[in-house]
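On a predicted model such as this, the values are computed, not experimentally measured, just so you know. Chain A is the first sequence line, chain B the second, and so forth, proteins listed ahead of strands; every chain is numbered from 1.
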There are 2 protein chains.
Amino acid sequence: MLTKLFLLALLAATPIQRDRLRSTLEELSKFGRNPDGGVSRIGFSDADLAGLEYVKRLMRDAGLTVTVDPAGNVHGPRDGREQLPVILFGSHTDSVPHGGNFDGDVGSMGAIEVIRAMNDAGVSTRHPLEVVVWTDEEGHHFGKGLFGSRASAGLLDPGELDRKDEQGITQGEWLRRYGQDPARIGDAIRKKGDVAAYFELHIEQGGRLEREKKQIGVVEGIVGIRRWTCNVTGFANHAGTTPMPDRHDALLAASRAALLVRQEVRAESGTQVGTVGYMHAEPGARNIVPGRAEFPIEIRDLDMAKVNRIAGRVMDGLKRIEQEEGVKIACAPLSEDAPALTDPSLRRMIQESASEAGFSTMSMPSGAGHDAQSVAHYAPIGMIFIPSIGGISHSPAERSDWQDVANGAEVLYRAILKRDALP
Amino acid sequence: MLTKLFLLALLAATPIQRDRLRSTLEELSKFGRNPDGGVSRIGFSDADLAGLEYVKRLMRDAGLTVTVDPAGNVHGPRDGREQLPVILFGSHTDSVPHGGNFDGDVGSMGAIEVIRAMNDAGVSTRHPLEVVVWTDEEGHHFGKGLFGSRASAGLLDPGELDRKDEQGITQGEWLRRYGQDPARIGDAIRKKGDVAAYFELHIEQGGRLEREKKQIGVVEGIVGIRRWTCNVTGFANHAGTTPMPDRHDALLAASRAALLVRQEVRAESGTQVGTVGYMHAEPGARNIVPGRAEFPIEIRDLDMAKVNRIAGRVMDGLKRIEQEEGVKIACAPLSEDAPALTDPSLRRMIQESASEAGFSTMSMPSGAGHDAQSVAHYAPIGMIFIPSIGGISHSPAERSDWQDVANGAEVLYRAILKRDALP
């Protein structure tokens, strides 16, 4: 009986139900909904907590025994037939302010759909399974993001629970308000070896799958990111009375720097990206030559050596700009996140699962951060991407085709069973 | 007796008293003084009005009959011996926020010192003389500036008195608070022919006189200014997931535009200037490709044809940037101020007065706006510049050497008498 079902799962469509999955996503979208149809379901907000209550109800209805750890992560374990490490899968349900209804939600609802489909088909597994919904992935209030998954990997910064948000409420207080004991945060840590594999289904949040007309993205890893904040010091002066050769215009130097970042990022082939997201000029009046300017730099790639190489060329170029513009440019490193590569065997299982289900695939890096990168510290990870319409994310216009959402859950279902076949 | 004094004025130092002039400037600097030694004496503020009371007292002490017109301009007429049009001279005493103690003040206190020196020397003139201190030259609250002098030229915009400042107070209400009747604003207009000449002594606010080691600047005219506000529309997207070739980065387009403005301004010889004073990116986060950016352009020169030629090349260049960056750039004209040329004969009188007093001179445009440009609509104007230390202005660090201040008053005194010798 088991073998027959297992074969069925490999050779034909699984019992994933597209419309059932869609209805749970639509129901979830009501929590924190904005008039434009998107959501503001900020981590730790009332809307987020209400959404998680809905998630827990769904988990319980699917027969899972729901627990919440001291970091606020919601767990739904399902027994396996053998004493083996758990196969973990899930995502998050918090959003950015004025975000959409797919980022995180697809992986969370997709994970629950997998359990319901297995229940429908009477599928049991050798390994215990566990659905997880991580706390505060977006990190709107505290800036860092991936709070719950970082807690699970013991990656919280010293003093992070004492950090205050813009309302003056500490991270620890937020945990306490929602029934957790911050003193027990260490209990959220997963031991190495306890998790056999972690799978995360997610929307791409970019436009590559759509452009390449591929149905499933097999994620090679989550890119590393280096970030700096740069300050240019020139000299503010009257825009009418200061001759062009006498100027030390901080904003023109910053403009050259932004173009330099793009030039150096583009100077190598590959999928690396680099961004300057704002420019603040002081005093910032139309009739005053800007004396100061602040701008950020971030560079991302799967290969940190490449990130560092590009950064080195950018910093060299900034020295030339300093000299030519008669300004000082100081770039302070803000953060450095190492890349998290996915596990080659899990990647292969995702690839094969997609192919067996008849879906076209492509390998790609994840340019965005995900909870999987925290989990990579204690378990092999695999990630499945589905196309984002127009490549749009972190926006009320964030969309994926419902069939693509179901395809993603289908691949997740199959990949879990493939992994379950191994020790 | 008159002839003797007149010759004396031409051949030797006038009775201008440097230390007396300095003491009035130092006394004026107490009104609206900031802890850093500069002033915030915004037009229509209590500090400004208190400063003007001091000015009126000085005028009365110098024997002038003080009147205030419905635009708030303070006038101090002195009789002439003949029925001739008036020789007008003065400046303003309001400041920018956190400004200095020389901009406007030197010309206002210098004008009163000229009267005191003439009184000391028993000099009378054929033409009536008139000291004027114009209202709200800097225009901090209402943005336009030159309020009093524009009113004297009938150049106020329709509805300008109904415009509200950031506190919701209209220009008309400000006038009423300070004892004027806005309905009578038209009475502030000076008739063409009533003013034989207008002289304004002012600090350079730039660094050319200092760099060229010249004591007196003979102003060729006040530059024309064209201003635009430009908006770039690209597409905001995730900085991690949006490949470089898919981006429509509004801030990079704005950066190229700022550099283009400089390039086109520099492409011709001359003293023209062009400035981009700020850049606002939206959403303005370090991890989002900017979807919108706003920046201003201003271009100044004595020759408006040159301003327009440069602007034309900038607008052509923006079209190329639009295409290459895949963005839209819309530049809306904000204002256009025509250049105001000084009168060649008044310029010559200033030049000769300086030379006769033994001062080195240079001809130069004024890159900043001045009340003289309003007066140019109804009378010939002449302007005298003295050096600004380090070229710094609109700053608490604004300074001029006290001897240069006295030299400026000396030239003003002599130029007035030269003009008085003509009909």
Side-chain angles (χ1 to χ4, degrees), chain A residues 204-208 211 223 225 227 229 236-247 249 251-252 254-259 262 265-266 271-281 283-290 293 295-298 300 334 366-369 388 391-395, chain B residues 204-208 211 223 225 227 229 236-247 249 251-252 254-259 262 265-266 271-281 283-290 293 295-298 300 334 366-369 388 391-395:
Chain A
E204 179 195 347
Q205 304 182 272
R208 295 186 62 204
R211 195 173 53 245
V223 298
I225 311 180
R227 291 189 169 124
T229 303
N237 222 325
H238 194 297
T241 59
T242 313
M244 300 306 283
D246 292 357
R247 297 180 175 208
D249 187 323
L251 188 58
L252 286 175
S255 295
R256 288 184 60 182
L259 293 163
R262 174 166 71 177
V265 167
R266 279 177 168 176
T271 54
Q272 68 278 2
V273 290
T275 306
V276 171
Y278 63 82
M279 242 175 244
H280 297 156
R286 61 174 75 233
N287 57 353
I288 304 180
V289 178
F295 64 92
I297 300 176
E298 63 154 65
R300 308 188 186 208
L334 180 75
S366 170
S388 290
I392 299 167
S393 184
H394 283 192
S395 155
Chain B
E204 179 195 347
Q205 303 183 276
R208 294 185 64 205
R211 196 174 50 249
V223 298
I225 311 179
R227 292 190 167 122
T229 303
N237 222 325
H238 195 297
T241 59
T242 312
M244 299 306 284
D246 293 359
R247 297 182 174 205
D249 188 321
L251 188 57
L252 287 174
S255 295
R256 287 184 61 182
L259 292 163
R262 175 167 68 178
V265 167
R266 279 177 168 176
T271 54
Q272 67 279 2
V273 290
T275 306
V276 171
Y278 63 81
M279 244 176 242
H280 298 153
R286 59 175 74 234
N287 58 352
I288 304 180
V289 178
F295 64 92
I297 300 177
E298 63 153 65
R300 307 189 187 207
L334 179 74
S366 170
S388 290
I392 299 167
S393 184
H394 283 192
S395 156

> Hey, which of Arg286(A), His394(A), His238(A) has the most heavy atom pairs under 4.5 Å with chain B?
Arg286(A)
> Rounded to the nearest 0.5 Å, how far does CG of Leu259(B) lie from CG of Leu259(A)?
6.5 Å
> Between Arg211(B), Met244(B), Arg266(B), Arg227(B), which has the largest tally of heavy atom pairs under 4.5 Å with chain A?
Met244(B)
> If you count heavy-atom pairs within less than 4.5 Å of chain B, which of Asp249(A), Asn287(A), Val223(A), Ile297(A) leads?
Asn287(A)
> Heavy-atom distances under 4.5 Å only: say whether Arg256(B) touches chain A with side chain, backbone, both or neither.
both
> Check whether Gln205(B) gets within reach of chain A through its side chain, its backbone, both or neither, counting any heavy atom under 4.5 Å.
both
> Given heavy-atom pairs under 4.5 angstrom as the criterion, report whether the side chain, backbone, both or neither of Ala368(B) touches chain A.
both
> Please classify the contact of Leu334(A) with chain B as side chain, backbone, both or neither, using a heavy-atom distance under 4.5 Å.
side chain
> If we only count heavy atoms from C-beta on, is the Met279(A) to Leu251(B) side-chain gap below 4.5 Å?
yes
> Under 4.5 Å, counting heavy-atom pairs only, tell me which of Pro290(A), Ala281(A), Ala293(A) racks up the most with chain B.
Pro290(A)
> Below 4.5 Å, heavy atoms only, C-beta onward: do Leu252(A) and Arg262(B) meet side chain to side chain?
yes
> Thr242(B) versus Val273(A): any side-chain heavy-atom pair under 4.5 Å?
no
> Which one wins on heavy-atom pair count under 4.5 Å against chain A: Ser255(B), Ser393(B), Gly206(B)?
Ser255(B)
> Return yes if a side-chain donor-acceptor contact under 3.5 Å exists between Thr271(A) and Arg208(A), otherwise no.
no
> Between Gly274(A), Ala254(A), Gly369(A), who has the most heavy-atom pairs with chain B when the cutoff is under 4.5 Å?
Gly274(A)
> Are the side chain of Glu204(B) and the backbone N or O of Ser388(B) linked by a donor-acceptor pair below 3.5 Å?
no
> Measuring from Ile288(B):CD1 to Asn237(B):CG, what's the distance to the nearest 0.5 Å?
9.0 Å
> Answer yes if the side chains of Thr275(A) and Arg300(A) hold a donor-acceptor pair under 3.5 Å, and no otherwise.
no
> Quick check for you: among Ala236(B), Pro296(B), Ala257(B), which has the greatest number of heavy-atom pairs under 4.5 Å with chain A?
Pro296(B)
